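Since the structure comes first, as structure tokens, the remarks are kept for the end.
These figures come from a predicted structure and were not determined experimentally. Proteins get letters first, then strands, A, B, ... in listed order; numbering begins at 1 in each.
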Amino acid sequence: MKKTTLALAILSATAASVQAGTITTDGPDIVVKTKGGFEAKTTDGSASFKLGGRIQLDYNNYDGVMNAVPGKDGSDLFFRRARLELEGHYQDWGYLMAYNLTEGGSIDLLHTTYMGWGPLALLTFGQQKEDFGLEDTGSSKRITTMERSMPANAFDTGNNLGVKLHGFNEDITYSLGAYKQNLDSNNDLNSAITGRFVVRPIHDGSNLVHLGVGYTTRDGDFTQLGARLGVRGGDAGNATRVRARYAAGVVADELKAWNAELAGSFGPVHAMAEYFDGKISGAMAAPDIKAQGYSVQLGWIITGETRTYKNEIGAFDKIKPAGVGGAYEVFARYDELDASDNKNVAPVQVIGETGNTITVGVNWYANELVKVALNYVHADTDQKIGGEDSGDAIVSRIQYAF
Amino acid sequence: MKKTTLALAILSATAASVQAGTITTDGPDIVVKTKGGFEAKTTDGSASFKLGGRIQLDYNNYDGVMNAVPGKDGSDLFFRRARLELEGHYQDWGYLMAYNLTEGGSIDLLHTTYMGWGPLALLTFGQQKEDFGLEDTGSSKRITTMERSMPANAFDTGNNLGVKLHGFNEDITYSLGAYKQNLDSNNDLNSAITGRFVVRPIHDGSNLVHLGVGYTTRDGDFTQLGARLGVRGGDAGNATRVRARYAAGVVADELKAWNAELAGSFGPVHAMAEYFDGKISGAMAAPDIKAQGYSVQLGWIITGETRTYKNEIGAFDKIKPAGVGGAYEVFARYDELDASDNKNVAPVQVIGETGNTITVGVNWYANELVKVALNYVHADTDQKIGGEDSGDAIVSRIQYAF
Amino acid sequence: MKKTTLALAILSATAASVQAGTITTDGPDIVVKTKGGFEAKTTDGSASFKLGGRIQLDYNNYDGVMNAVPGKDGSDLFFRRARLELEGHYQDWGYLMAYNLTEGGSIDLLHTTYMGWGPLALLTFGQQKEDFGLEDTGSSKRITTMERSMPANAFDTGNNLGVKLHGFNEDITYSLGAYKQNLDSNNDLNSAITGRFVVRPIHDGSNLVHLGVGYTTRDGDFTQLGARLGVRGGDAGNATRVRARYAAGVVADELKAWNAELAGSFGPVHAMAEYFDGKISGAMAAPDIKAQGYSVQLGWIITGETRTYKNEIGAFDKIKPAGVGGAYEVFARYDELDASDNKNVAPVQVIGETGNTITVGVNWYANELVKVALNYVHADTDQKIGGEDSGDAIVSRIQYAF
């Protein structure tokens with residue numbers, strides 16, 4: 001008991017009720033916490049450690065244009081995401097490690113951040129979000145719908161290796177980064193540059209107005225723009241998508257896109273809208289592939305909680321239920337992805353032309369960690385895909401984020 | 001030191017021996033523990049976290065019908081299992097994450113449980129055991145032999161995605177679940193229903209009688225029933241198995257099986273027996289594939305400890321060595337898998353007809369975490385496989401379960 | 001608050017500043033620590049737990065003989081290594097689990113050690129280093145250069161499944177092990193035997209002289225000896241290497257190699273040299289493949305720290321920066337791999353004949369966890385590879401080892 005506190009040694013001699021062993025540290029004082037996961041941080045702010053994860057288990061049932069087999073219903077039960085997540089810091093350097101447990105394992109996020117210049121100039125190295133779009137920048141565990149909108153998916157930059165300068169205060173959030181797209185035929189890097197700027201003209205305890213713009217320009221090999229019709233799972237290889245693509249063998253080497261974000265949150269109500277516009281082009285003689293789209297969403301937390309917001313990334317964060325029974329939220333979203341500009345532009349093939357989905361749903365936040373979601377999705381396309389131009393889906397999720 | 005306890009602040013001023021920093025929490029009081037792994041739980045029962053894992057390193061040497069190369073000895077050194085395991089809960093919701101580190105990584109178990117209705121009605125969502133059979137329901141780190149019996153393997157339902165209602169008290173354990181088998185050609189779910197009921201007419205400190213029955217019915221594509229002859233490792237693709245299978249191209253779409261379990265534990269001695277019976281059948285013109293089998297096992301912990309039992313799953317649990325030198329156990333098992341009913345039933349091919357193994361062994365439980373096992377296995381088959389109808393194996397394991 | 005300490009209960013009644021909950025344990029007293037990762041150990045030495053990891057993010061740019069595309073520059077940004085690492089012990093048994101997160105996930109190290117005979121006779125079972133060579137035995141996060149030398153790579157035994165007896169005191173470190181090389185065509189084990197002996201005639205606080213020898217003999221299938229020219233990343237399949245290999249279809253079944261190690265560390269300066277010599281031979285009529293090589297390295301920590309050394313493995317360990325600005329180190333290395341003995345020995349093909357690299361660089365140890373490295377590498381080969389016989393590279397790394 002060399003390192004035990006004298007306090008206990010003295011008191012345990014006089015108090016029969018003290019039987020527990022003591023916990024100390026040989027460094028700065030530490031605060032620990034568990035809510036399913038585990039956290040430890042020094043009280044002097046010099047170091048921290050946090051272990052958590054997320055499980056998203058989805059069940060869905062869908063038909064029509066949403067299923068690759070004409071005239072048939074599809075359904076699936078699957079892990080949409082399952083991750084082990086570690087983060088921490090020591091002095092001026094932080095790290096984050098998020099590992100996908102599904103499909104044989106892969107790195108989702110893995111980066112280190114230099115924080116020595118303060119929150120207005122953070123420098124992050126490694127596999128990270130590029131920060132393009134409001135839904136794509138926010139966490140998949142904090143979005144309202146089960147799936148992000150079609151245009152957000154079509155122009156999702158993904159998580160890539162790179163360097164990002166980013167920062168925030170109460171009023172603004174910005175990021176500007178350079179990323180690896182892939183290697184070219186000389187073993188040389190193709191890169192992407194992506195920037196985003198967000199301003200919050202209103203941001204107090206329960207009211208928020210968020211305006212944002214983003215831009216990305218990417219070297220590499222690109223062949224198509226498109227997105228699924230709001231449903232995941234099933235046979236991914238054959239799932240139906242609205243898209244425009246080159247005929248086999250044609251490739252272009254540049255993708256540019258921009259977007260605009262508008263969001264407001266007033267007590268238990270939030271509204272948000274996003275617009276995306278982009279094209280694939282390049283040195284070859286092939287014509288451009290163009291696409292654009294938008295989404296509009298409205299949500300109301302019936303039990304009165306406010307959707308929290310994270311200045312650091314400029315995106316919505318968790319909903320903390322206030323009462324014992326949890327929080328309930330209802331929402332509706334309309335989104336559209338338009339690939340019709342490419343009609344009659346050989347060698348570009350257009351599938352579905354313009355697609356849209358209407359999504360309505362209810363979320364139950366059973367506690368801080370658990371979200372149960374039920375969404376109904378109706379999809380329409382201007383052109384038939386596999387003989388069908390509309391479809392319906394019921395999708396549901398249990399999410400455990402510890 | 002904002003959050004440090006005043007106790008230390010006061011005492012450290014007067015006691016030179018107090019140099020350690022303090023550990024506190026900003027939530028409910030917490031108890032932590034380490035025995036190689038790490039645990040933290042709040043004293044009010046509202047939250048917990050546990051990180052552990054298991055390593056099973058096997059060495060074996062086998063000949064005759066157990067090796068795919070006639071007339072030759074086979075041997076291997078390999079990880080039978082290696083897992084990282086996380087579990088925890090917050091309020092009414094628990095989770096468990098067990099990740100296989102071998103063979104490129106895969107999810108072993110990943111589920112969340114609603115516990116709000118109490119232990120007699122737990123609802124578990126995600127990838128989980130279906131609970132079919134005594135050995136299969138128990139943990140691989142808590143079985144007596146190194147490998148489960150042939151019939152337990154032949155009818156093992158595996159870990160699947162699904163929903164299970166289950167519960168327990170001192171006297172009974174039950175489970176009833178619906179699971180994903182796979183997707184059919186329409187992208188639609190094939191499902192399985194599995195139930196198990198266990199009753200314990202005797203269950204006090206060191207005496208137990210366990211009776212159980214189980215049933216499973218499964219939609220999907222099935223082509224064979226069979227099991228290895230008690231030995232793992234080596235070239236899995238060519239390892240010899242007793243089995244009955246359809247000729248290439250024939251598939252049936254239904255599997256049904258039931259089992260009965262009987263076990264008793266009296267101080268340091270335990271006995272257990274299991275019977276399995278099942279068949280593959282379905283809409284196609286092909287005949288059924290039938291198999292059945294049983295196992296009988298007797299074990300004695302020489303050092304006097306009792307094999308513990310877990311009511312929650314209705315299966316045996318760990319052996320905790322009482323003394324400094326660890327615990328020693330000896331055991332014997334006979335098991336048999338009979339696929340001979342399918343003889344002369346084209347297009348079913350029968351390999352080995354009926355196989356049985358005799359396994360004797362000794363286990364050393366060096367401490368609560370470490371088990372060292374040495375098993376001798378003799379196998380016989382009614383029909384030659386690759387020119388041989390008997391074989392012998394020496395198999396050994398070091399298991400570290402923290 | 002059943003298990004809370006009475007100390008707090010009493011004091012919190014009288015001191016308004018005490019609001020934090022208490023942390024206790026129901027076993028031996030525990031000391032915890034966080035520096036980005038997390039550690040807990042009992043004060044009586046009976047148990048411990050540690051969770052950490054490493055991230056190595058590399059950017060490089062290289063040309064000439066170092067790039068597989070003649071006349072072109074290559075470059076890449078990639079994770080050289082990314083691992084999650086767990087270790088702990090309970091009573092006499094320890095374990096270590098290091099999992100590679102890159103390339104779909106794989107086991108790097110996974111072993112358990114019996115420590116009951118004391119530090120001079122440790123017995124480790126599982127996937128482990130074979131301990132052959134000074135750089136190869138040391139951790140990849142503790143070497144001075146970004147990449148180990150060419151001969152160290154050419155004769156690297158890798159991490160293998162096996163059993164190793166090893167031990168150390170202040171003056172010596174030894175290891176002797178038997179390992180799995182692979183399975184032969186009978187499903188039988190091919191094995192390797194590797195031993196290493198290190199003596200430290202001088203070893204006080206800041207001065208060290210290290211002498212070592214190693215030997216390995218391996219059964220299995222071997223076709224070539226060689227190594228990259230000091231640069232990783234890019235298209236690994238086509239990267240240029242100095243090597244000697246059999247023509248297609250020729251295989252030998254034995255590899256033998258030995259090495260000698262010499263190192264000295266005097267305050268902030270260290271010098272080290274290694275020599276390797278080995279050959280592939282065997283039962284078939286094919287001639288031997290021979291190779292040998294050496295490396296010489298000199299390093300100086302400008303800020304005055306000493307490179308620490310780990311007796312347990314007989315290799316250098318971390319550099320702990322003394323000041324707030326971190327530690328700075330400069331170094332130079334020359335290494336050479338000579339495969340020219342195999343010239344004109346059909347069916348052996350020789351590529352590059354003899355290759356050497358000169359590496360100079362600077363390391364910034366920003367804090368105990370973070371190392372930023374910048375290396376310049378110049379490579380020469382005696383014979384052109386893809387039309388070129390020299391090349392230059394700039395390679396850089398951010399390493400976070402928590």
Quick one: what part of [X] sits under 4.5 Å from any heavy atom of chain C, side chain, backbone, both or neither?
{"X": "B:T102", "value": "both"}
{"X": "B:I398", "value": "side chain"}
{"X": "B:F38", "value": "both"}

Given a strict heavy-atom distance threshold of 4.5 Å, which part of [X] is in contact with chain B: side chain, backbone, both, or neither?
{"X": "C:Q127", "result": "both"}
{"X": "C:S191", "result": "neither"}
{"X": "C:L110", "result": "both"}
{"X": "C:T112", "result": "side chain"}
{"X": "C:Y99", "result": "side chain"}

Exercise for review: Among C:T24, C:I23, C:T22, find the residue that satisfies the side chain to side chain contact (heavy atoms under 4.5 Å, CB included) test when tested with B:V31.
Suggested key: C:T24

Practice item. Count the heavy atoms belonging to other residues, nucleotides or ligands that lie under 6.0 Å from NZ of B:K141, then report whether that count exceeds 12. Key: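 Atom NZ in B:K141 is crowded, with more than 12 foreign heavy atoms closer than 6.0 Å.
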
Review point. Aromatic ring centroids of B:F402 and C:Y90 under 6.0 Å?
Key: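 No: the rings miss the under 6.0 Å criterion.
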
Practice item. Of all the heavy-atom pairs spanning B:V69 and C:N186, show the shortest one and how long it is. Key: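 Closest approach of B:V69 to C:N186: CG1-OD1, 3.6 Å.
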
